[in-house]
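It should be emphasised that the depicted structure is a prediction, and the values quoted were computed from it without experimental measurement.
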Amino acid sequence: MTNSTGAELRTHAYADLNRLMGLMTGDEKHGPAATSTLDVLWVLYDRVLRVGPATVDDPERDRFLLSKGHGPMAYYAVLAAHGFFTEELLTGFGTFDSPLGQHPDRLLVPGAEIGSGSLGHGLPLAVGTVLGLRAQGRTDPRVWVLVGDAELDEGSNHEALAFAGPSGLEQLHTVVIDNASATYGRPGGIAARFETAGWSVASVDGGDHEALYAAFTAPHPGRPHAVVARTAPKR
C-alpha cells in the first residue's frame, strides 16, 4: 500500500477539532475522558498511522484499536478530520439512528477496528492482532492500541502486557493516557511496569505534539513499544 501520511489526506486542521467536538451534544458524552486523548489521536492519525479512508480494508494497513472507547468524541472528531466520514455525521452522535454511538461499533464506524468501551479488552485484542498478522506472514503492518491508566488494573491487560514483551511483539505499540486515575499505584509507576515486562518505553507530555511524535517513532527492535502520555482531561 502507499504509505500516505494523514496530513496529506486530512480534510480539516487541528484548529478545527474543538468545533468538530462541539457538534456532538447530548448526555453521557464522557467529555473529559474523550478530550484527554485528543492530542494523542491527532498526532497518530496525522503523522504516524499508515491508514486512511481508501485503505481501511488493505491487509497491509496499520491498525489502531481504541480500547478507551467509553469516551469516543475525540476519536470521531479526528476520524472526521481525516476524511473517514463527513462532519455532518457528528451532529447525530449518540442518537438512535446514528452510526456514531457512545461506544464505537466497528461495523458502523468507518475506520474503527474494534467495538470498544468495556475496558480492559483492547490490549489483549492488539496482541491477538499482531499474532494473527504474523501467522499470515505480514510483518510490516503496525498495531496501535490506546488505553487508559485505570484499565491497567484489569487482569486481562496484565496478562497481555506480560506476554507481549517476552514474545518480542515488535509490531505492537501501546499508548497509555495517564490521568493519574488508576485506583492502584505501582512501584515505579506505569512505565516501570512495561519495562519490567520487557517493553521499550517512553514517557512524555501528552499535549506536546513533537514529543509525542518522537516517542511514537522511536526505534524498538525486537520489543513492543509503550508510550505513557501524561495528561489531564481538557474541560
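Here CG of Leu44 is found 4.0 Å from CZ of Phe216. Values are rounded to the nearest 0.5 Å. Arg142 contributes atom CZ, which lies 13.5 Å from atom CZ of Arg61 (distance to the nearest 0.5 angstrom). Rounding to the nearest 0.5 Å places CG of Leu100 at 11.0 Å from CE of Met73. Here CG of Asn179 is found 4.5 Å from OG of Ser36. Values are rounded to the nearest 0.5 Å. One finds the CG atom of Leu212 at 10.5 Å from the OG1 atom of Thr217 (value rounded to the nearest 0.5 Å). Between atom CD1 of residue Ile114 and atom NE2 of residue His103 there is a gap of 12.0 Å, rounded to the nearest 0.5 Å.
Judged by distance alone, with hydrogens and angles left aside, the side-chain atoms of Thr196 form a donor-acceptor pair with the main-chain N or O of Ala192 at under 3.5 Å. Listed for the Arg193 side chain is a donor-acceptor partner under 3.5 Å among the backbone atoms of Leu152. Between the Tyr76 side chain and the Leu20 main chain, no donor and acceptor come within less than 3.5 Å of each other. Distance alone, capped at 3.5 Å, is enough to place a donor-acceptor pair between the Glu151 side chain and the Gly148 backbone. Under a 3.5 Å cut-off, the side chain of Ser98 and the backbone N or O of Thr95 do not form any donor-acceptor pair. In this structure, the side chain of Asp178 does not engage the main chain of Val228 through any donor-acceptor pair within 3.5 Å. In this structure a side-chain-to-backbone donor-acceptor pair under 3.5 Å is present from Arg223 to Trp199.
Phe85 pairs by the ring-ring contact (aromatic ring centres under 6.0 Å, His included) definition with nothing, not counting sequence neighbours.
Contact record, Ala215 with Val204: CB-CG1, 3.8 Å, taken as the closest heavy-atom pair. Closest approach of Arg50 and Pro141 over heavy atoms only: NH2-CA, 4.1 Å. Contact record, Pro72 with Phe93: CG-CE1, 4.3 Å, taken as the closest heavy-atom pair. When all heavy atoms of Val147 and Ser67 are compared, the pair lying nearest together is CG1-CB, 3.8 Å. Of all the heavy atoms in Gly207 and Asp39, the pair that sits closest is CA-OD2, 4.0 Å. Of all the heavy atoms in Thr37 and Ala74, the pair that sits closest is OG1-CB, 3.6 Å.
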- request: Kindly determine whether Phe64 and Leu146 satisfy side chain to side chain contact (heavy atoms under 4.5 Å, CB included), including the steps that lead there.
  value: CA-CA 8 Å; Phe64 173 78; Leu146 187 152; 3.8 Å; yes
field: Worked verdict on Val145 versus Leu125 for side chain to side chain contact (heavy atoms under 4.5 Å, CB included)
entry: CA-CA 9 Å; Val145 57; Leu125 286 170; over 6 Å; no
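The side-chain heavy atoms of Leu65 and Ser116, taken from C-beta on, include no pair separated by under 4.5 Å. Side-chain contact between Leu131 and Phe163 is present, with at least one heavy-atom pair separated by less than 4.5 Å.
Sorted by first and then second residue, the pairs that involve residues 159-177 and meet side-chain hydrogen bond (donor to acceptor under 3.5 Å, both in side chains), not counting sequence neighbours, are His173-His220. Residue pairs meeting the side-chain hydrogen bond (donor to acceptor under 3.5 Å, both in side chains) criterion with at least one partner in residues 120-129, sequence neighbours excluded, are absent.
Surrounding CZ of Arg134 are more than 12 heavy atoms belonging to other residues, nucleotides or ligands, all under 6.0 Å away.
Below 30°, between 30° and 60°, or above 60°: for Tyr14 and His209 the angle between ring planes is above 60°, a perpendicular geometry.
When the side chains of ILVMFWY residues are joined at heavy-atom separations under 4.5 Å, either directly or via intervening members, Val56 and Leu49 end up in a single hydrophobic cluster.
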